[in-house]
A.B. asks: 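Handing you this structure, nothing more for now.
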Amino acid sequence: FLSERADFAQACVDAGVRFIGPTPDVVRKMGDKVEARSIAISAGVPVVPGTDAPISSLQEAQEFSNSYGFPIIFKAAYGGGGRGMRVVREYEELEENYQRAYSEALAAFGNGALFVEKFIEKPRHIEVQILGDKYGNVIHLYERDCSIQRRHQKVVEIAPATQLDPHLRDRLTADSVNLARQVGYENAGTVEFLVDKHGKHYFIEVNSRLQVEHTVTEEITDVDLVHAQLRVCEGRSLPELGLKQDKIRINGYAIQCRVTTEDPARGFQPDTGRLEVFRSGEGMGIRLDSASAFQGAVISPHYDSLLVKVIASGKDLPAASAKMSRALAEFRVRGVKTNIPFLQNVLSNNQFLNGTVDTQFIDENPDLFNLKPVQNRAQKLLHYLGHVMVNGPTTPIPVKAKPSPIDPVIPPVPLGEPPVGFRDVLLREGPDGFAKAVRAHQGLLLMDTTFRDAHQSLLATRVRTHDLKRIAPFVAHSFNNLFSVENWGGATFDVAMRFLCECPWKRLQELRALMPNVPFQMLLRGANAVGYTNYPDNAVFKFCEVAKENGMDIFRVFDSLNYLPNMLLGMEAAGAAGGVVEAAISYTGDVSDPTRQKYSLDYYLKLADELVKAGTHILCIKDMAGLLKPDSGRLLVGALRDRFPNVPIHVHTHDTAGAGVAAMLACAEAGADIVDVAVDSMAGMTSQPSMGAIVACTKGTKLNTGISLEKVFDYSEYWEVTRGLYAPFDCTATMKSGNADVYENEIPGGQYTNLHFQAHSMGLGNKFKEVKKAYAEANKLLGDLIKVTPSSKIVGDLAQFMVQNSLTRAEVEERADELSFPLSVVEFLQGHIGIPHGGFPEPFRSKVELERGKTLHIKALALGDLNKAGQREVFFELNGQLRSVLVKDTVAMKEMHFHPKALKDVRGQIGAPMPGKVVEVKVKQGQQVEKGQPLCVLSAMKMETVVNSPLSGTVAKIYVTADSTLEGDDLILEITE
């Protein structure tokens, strides 16, 4: 430190500049630890056994250790702050620590001279603040406890020292004042002592400057030390400044925490980089002293790691600690690691709060390093968005198919208005009369899902309004006896806006104009409307009202958990809008299997009782996963028909296992009035059963649909060619057939397709079997859910999380309290989508940390120019505040030269453990090295770190030289075994 150099103080005097501090002679005496030690002895102040003069060789250190034994400590003779300080406990460590201490002292103070002392085990580090003037007046401002240290650098300082014997305090302060008077000390300084476990104190050194921790003394004495320094330098006496010993009083306690850019989890290695976010904690009793702490500041490896000093004061130590804890919790520092989580652990430690710490406190409390991870949610999201803005999306698209060049041919459509259909009945007789007409109808009615669920299941909901409008008139004229066309709601709404850049309301209006005679049906997710989270009641009511006004007729209302309150809200909203209410029971399990009783026949009948009681016009079974086997269908539909003879029953399924046609025919025979189908070329696999197959199988029977099979063929031909236009989104690119294993994994049809695509996109295409198995395990973890959007997404998210992280069900249950689960899983366990049948899974739910998420408002502002490091600065507005992130331009960096990085999966590549400068390379190319042998020495923030070899072998190549500047993980050298 320049302030401790006598030659600098003298140079100021010689140049006619006032030096704020002691005289050059006193700086020299006090800065020379050996001379200061001699002065202390002559003043009767006890000292630690040590050398009388700086040592000049390793041999002298060896002689001292032979005389006094280990442990010993090296100290820089001309400076402090922990630089050049090394403890040696064994003879084998002596040479290496001597060299490191010498090198650090030389780098920090311009002089590598060291002296050696006997090391006192587990002492308290107590220092006394002194202040003198030019007239021989010297006072003390009591003591500070600086025992909490790492690498001999203070981390937390307290004033006054707790549980300090009053007589010992008197001896410490008296010795400090006597020592200062003996040398004619003026201005501010600190006399440092070690206090052993027996209460004996030993002089260490005098710091002839204002120390970092002077703040806590100012807080408890109400003396402005910097102001006093300036006035003393001007020639004012201490009495003139009102500073007399009998007037100095201790008032309460103060704590200082040094917030540094160091990573406690990696041995307090210094971290460097750009401060992307900086927000400090403030409030009553909190003081902040900072320099480089602001958003956008660059933390360099060539200076001290101190970011900001936080000082808290209170009436006692617990009060000051509480204020400090609160302030640290309010800090937000992003871009570099800090020691804040470690400081928070210190402040909550009982030993600290009881005031019984010594210099081994950190070493003896490994639990201080059980650090709570920083979430950094907003900044991670900004980095992701910035990366996409600079480099584009990184998710690979596994599908190479291109749209078909063939345009679909529209089948002939007769001139004039389409024939009368079921919508005319609805408009004439209203929802109640419509339901009675459906129940009284002879034969099986069909709902066509081609306009929505079929292309959601097969083509990722990507079909445009344009292609729907082209075939709509043909459907209106050829299939006027359809129960309905499902063409809206569900995923259609958000996909139209997010991906197709279409207005879903306009789609509804235009299709209504082209198909005036066939009822339209939509999917309404209860209280979620067409979204994935609960909306305010009035929003759901207004949505249904506007949907009805724009042409919607039938509202299929469901809840993914069959959570009755959510369903009743949707039913009430649809009914109030004047629509037909079709309450849908989401189906899972197997009612024909007596071993599976969670979702039994009785469960479904009781739920149906509630829905009919609530006034549903039509009762629906919504079998999203295609689990309804023929026998199960007969059992369930038969029981519902017996209980509700006048209520129309509608059955929806998916054909994933290939048994969809058989299941729907069985349901129809048991009393179902309507079943869902898709046109043949859009049917099968994860879509609905084939329209043509149902029409053909029921022809000439009491279930006859009255639909022309030839018209179905024409309809199918149009969609077969149209489907080719969406080849990049077609599930058949990665999925060639359905699979009966759906009876085991219970994956819903649409989700089965999406999961298959996502697995390929995430590089898990060869692990899709594992994904399906994990889906079944995830379902059990979550308590065996009914799997319909959005509950199916929750199970799918957890399944992919398990596969990506190679976790078994048992491991997830065991480690639930430490894993970072997908947000959808956490929100489910928080109850965001309702309460599942049978309650939440325990003890799994209790172990998962259910912290409520945050809503962030992000606006992309600008993209900066390329800098020398191959980065672009991306600017955002986050919750109204300006933020920016630096993102590497991967294309530009290919043309720029950078130091190679060590590959972590290559055993012999040795990377820099931290940013810094190479002080010394200790090996040569071709040299044989042993495991643990020093390879090179790095210096960062004036602290040196030895990089040791992790294996034995031969040095193949060295990539650095002395004075090379490195970033973290930069390649240092390669070793071959």
Side-chain angles (χ1 to χ4, degrees), residues 421-423 426 434 438 444-463 465 467-469 471-472 475-476 479-496 504 507-508 510-512 514-525 529-530 544 547-548 550-558 570 574 579-584 586 617-624 626 648-655 660 664 672-680 682-683 686-691 694 705 707 712 715 719 748-750 788-789:
F422 263 98
R423 186 164 191 264
L426 175 60
F434 175 78
V438 169
L444 179 64
L445 288 170
L446 303 181
M447 181 179 87
D448 180 16
T449 68
T450 308
F451 278 62
R452 197 202 73 80
D453 200 12
H455 74 83
Q456 174 177 328
S457 299
L458 301 177
L459 305 177
T461 327
R462 291 306 201 277
V463 175
T465 300
D467 292 312
L468 298 174
K469 285 167 58 180
I471 196 62
V475 173
F479 303 117
N480 60 301
N481 51 349
L482 283 172
F483 166 77
S484 66
V485 167
E486 189 203 25
N487 62 354
W488 212 64
T492 302
F493 207 87
D494 65 297
V495 172
R507 172 182 291 192
L508 180 58
E510 292 179 342
L511 290 177
R512 181 77 285 166
L514 295 169
M515 303 168 68
N517 58 333
V518 181
F520 284 177
Q521 181 158 335
M522 73 164 287
L523 195 61
L524 187 78
R525 298 178 179 133
V530 290
C544 292
K548 180 68 173 65
N550 282 272
M552 187 47 60
D553 300 304
I554 304 168
F555 294 80
R556 176 179 284 173
V557 183
F558 80 100
V580 176
V581 179
E582 180 178 299
S586 297
H617 298 114
I618 300 171
L619 197 58
C620 174
I621 300 167
K622 183 174 171 58
D623 176 25
M624 279 279 286
I649 296 175
H650 188 165
V651 185
H652 168 89
T653 192
H654 287 254
D655 199 22
M664 292 304 95
D673 300 281
I674 317 135
V675 297
D676 288 357
V677 294
V679 71
D680 302 12
M682 293 288 287
T686 56
S687 180
Q688 277 66 56
S690 161
M691 176 188 287
I694 295 287
T705 62
I707 290 175
V712 174
Y715 187 30
W719 277 107
V788 187
T789 308

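Keep in mind that the numbers below use all heavy atoms, side chains included, and drop hydrogens, waters and symmetry copies. Sequential numbering from 1 along the given sequence is applied to the chain's residues.
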A.B. asks: With side chain to side chain contact (heavy atoms under 4.5 Å, CB included) as the criterion, how do Ile554 and Met447 come out once you've worked through the C-alpha distance, each side chain's angles and the decisive distance to 0.1 Å?
C.D. replies: CA-CA 11 Å; Ile554 304 168; Met447 181 179 87; over 6 Å; no
A.B. asks: Would you say the side-chain atoms of Trp719 pair up with the backbone N or O of Asp680, donor to acceptor, closer than 3.5 Å?
C.D. replies: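 Looks like no, no N/O pair under 3.5 Å.
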A.B. asks: When you measure from the side chain of His617 to the backbone of Glu582, do you find a donor-acceptor pair of N or O atoms at a distance under 3.5 Å?
C.D. replies: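 Checked: no pair found.
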A.B. asks: Is Leu444 close to Met664 at the side-chain level, that is, under 4.5 Å between some pair of heavy atoms?
C.D. replies: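 When only atoms from C-beta onward are counted, Leu444 and Met664 do not touch, as no gap falls below 4.5 Å.
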A.B. asks: Do Arg556 side-chain atoms and Met522 backbone N/O form a donor-acceptor pair below 3.5 Å?
C.D. replies: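 The answer is no, because no donor-acceptor pair under 3.5 Å joins these two groups.
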A.B. asks: What is the distance from atom CG of Leu514 to atom NZ of Lys469, rounded to the nearest 0.5 Å?
C.D. replies: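 Separation between the atoms: 7.0 Å.
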A.B. asks: Enter the distance from Thr465:OG1 to Leu508:CG here, rounded to the nearest 0.5 Å.
C.D. replies: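 Spacing of OG1 (Thr465) from CG (Leu508) equals 10.0 Å.
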A.B. asks: With a 4.5 Å cut-off on side-chain heavy atoms, are Arg512 and Asp553 touching?
C.D. replies: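 A side-chain contact exists here, since the closest heavy-atom pair is under 4.5 Å.
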A.B. asks: Which heavy-atom pair separates Gly570 from Leu524 by the least distance, and what is that distance?
C.D. replies: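 Closest heavy-atom pair between Gly570 and Leu524: O-CD2, 3.9 Å.
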A.B. asks: Applying the ring-ring contact (aromatic ring centres under 6.0 Å, His included) criterion to Trp488, which one of Phe520, Phe555, Phe493 satisfies it?
C.D. replies: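 When ring-ring contact (aromatic ring centres under 6.0 Å, His included) is applied between Trp488 and each of Phe520, Phe555, Phe493, only Phe493 qualifies.
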A.B. asks: Looking at Pro648 and Asp673, what are the two nearest heavy atoms and their distance?
C.D. replies: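 Taking every non-hydrogen atom into account, CA-OD2, 3.2 Å.
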A.B. asks: Enter the distance from Ile674:CD1 to Leu619:CG here, rounded to the nearest 0.5 Å.
C.D. replies: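 Ile674 atom CD1 to Leu619 atom CG measures 10.5 Å (nearest 0.5 Å).
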A.B. asks: So which heavy atom on Met552 is nearest to which on Lys548, and how close?
C.D. replies: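 Residues Met552 and Lys548, closest heavy atoms: O-CD, 3.1 Å.
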A.B. asks: With rounding to the nearest 0.5 Å, note down the distance linking CZ in Arg452 to OG in Ser457.
C.D. replies: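 If I round to the nearest 0.5 Å, the distance is 7.5 Å.
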A.B. asks: Determine the minimum heavy-atom distance between Ala476 and Asn517, stating which atoms define it.
C.D. replies: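 Nearest pair, atom of Ala476 first, then Asn517: O-ND2, 2.8 Å.
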A.B. asks: Hey, what do you get for CD1 (Ile471) to CE (Met515), rounding to the nearest 0.5 Å?
C.D. replies: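 That separation rounds to 9.5 Å.
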A.B. asks: Taking all non-hydrogen atoms of both residues, which atom of His455 and which atom of Thr450 are closest, and how far apart?
C.D. replies: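 What the structure gives for the nearest pair is CD2-O, 3.5 Å.
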A.B. asks: Is the closest side-chain heavy-atom distance between Pro689 and Thr653 below 4.5 Å?
C.D. replies: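 When only atoms from C-beta onward are counted, Thr653 and Pro689 do touch, with a gap below 4.5 Å.
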A.B. asks: Is the Tyr715 ring parallel, tilted or perpendicular to the Phe451 ring (thresholds 30°, 60°)?
C.D. replies: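 Rings of Tyr715 and Phe451: tilted, 30 to 60°.
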A.B. asks: Using a 3.5 Å distance criterion without hydrogens, assess whether the side chain of His654 forms a donor-acceptor pair with backbone atoms of Thr686.
C.D. replies: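 Yes: the side chain of His654 pairs with the backbone of Thr686.
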A.B. asks: Is a side-chain donor or acceptor of Arg462 paired with a backbone partner of Ala460 at a separation under 3.5 angstrom?
C.D. replies: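 Yes: the side chain of Arg462 pairs with the backbone of Ala460.
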A.B. asks: With the side chain counted from C-beta on, respond yes when Ile707 and Asn481 share a heavy-atom pair under 4.5 Å apart, and no when they do not.
C.D. replies: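 Yes, at least one pair of side-chain atoms sits under 4.5 Å.
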A.B. asks: Are the side chain of Asp655 and the backbone of Ser687 linked by a donor-acceptor contact shorter than 3.5 Å?
C.D. replies: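 Checking the backbone N and O of Ser687 against the side chain of Asp655, no donor-acceptor pair under 3.5 Å is found.
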A.B. asks: Any chance you could measure Ile694, atom CD1, to Asp676, atom CG, to the nearest 0.5 Å?
C.D. replies: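 Ile694 atom CD1 to Asp676 atom CG measures 10.5 Å (nearest 0.5 Å).
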A.B. asks: Only one of Gln456, Gln521, Glu486, Gln688 forms a side chain to side chain donor-acceptor pair (under 3.5 Å) with Thr449, so which one is it?
C.D. replies: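 Running side chain to side chain donor-acceptor pair (under 3.5 Å) over Gln456, Gln521, Glu486, Gln688 with Thr449 returns exactly one hit, Gln688.
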A.B. asks: For residues Ala584 and Lys622, report the shortest heavy-atom separation together with the two atoms involved.
C.D. replies: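 The pair with the smallest heavy-atom distance is CB-CB, 4.1 Å.
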A.B. asks: Name all residues meeting the ring-ring contact (aromatic ring centres under 6.0 Å, His included) criterion together with His650; count only those two or more places apart in sequence or in a different chain, and write none if there are none.
C.D. replies: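 Checked His650 against ring-ring contact (aromatic ring centres under 6.0 Å, His included); matches are Phe483.
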A.B. asks: Contact between Leu445 and Phe422 at the side-chain level, heavy atoms closer than 4.5 Å - yes or no?
C.D. replies: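 Yes, close enough: below the 4.5 Å cut-off.
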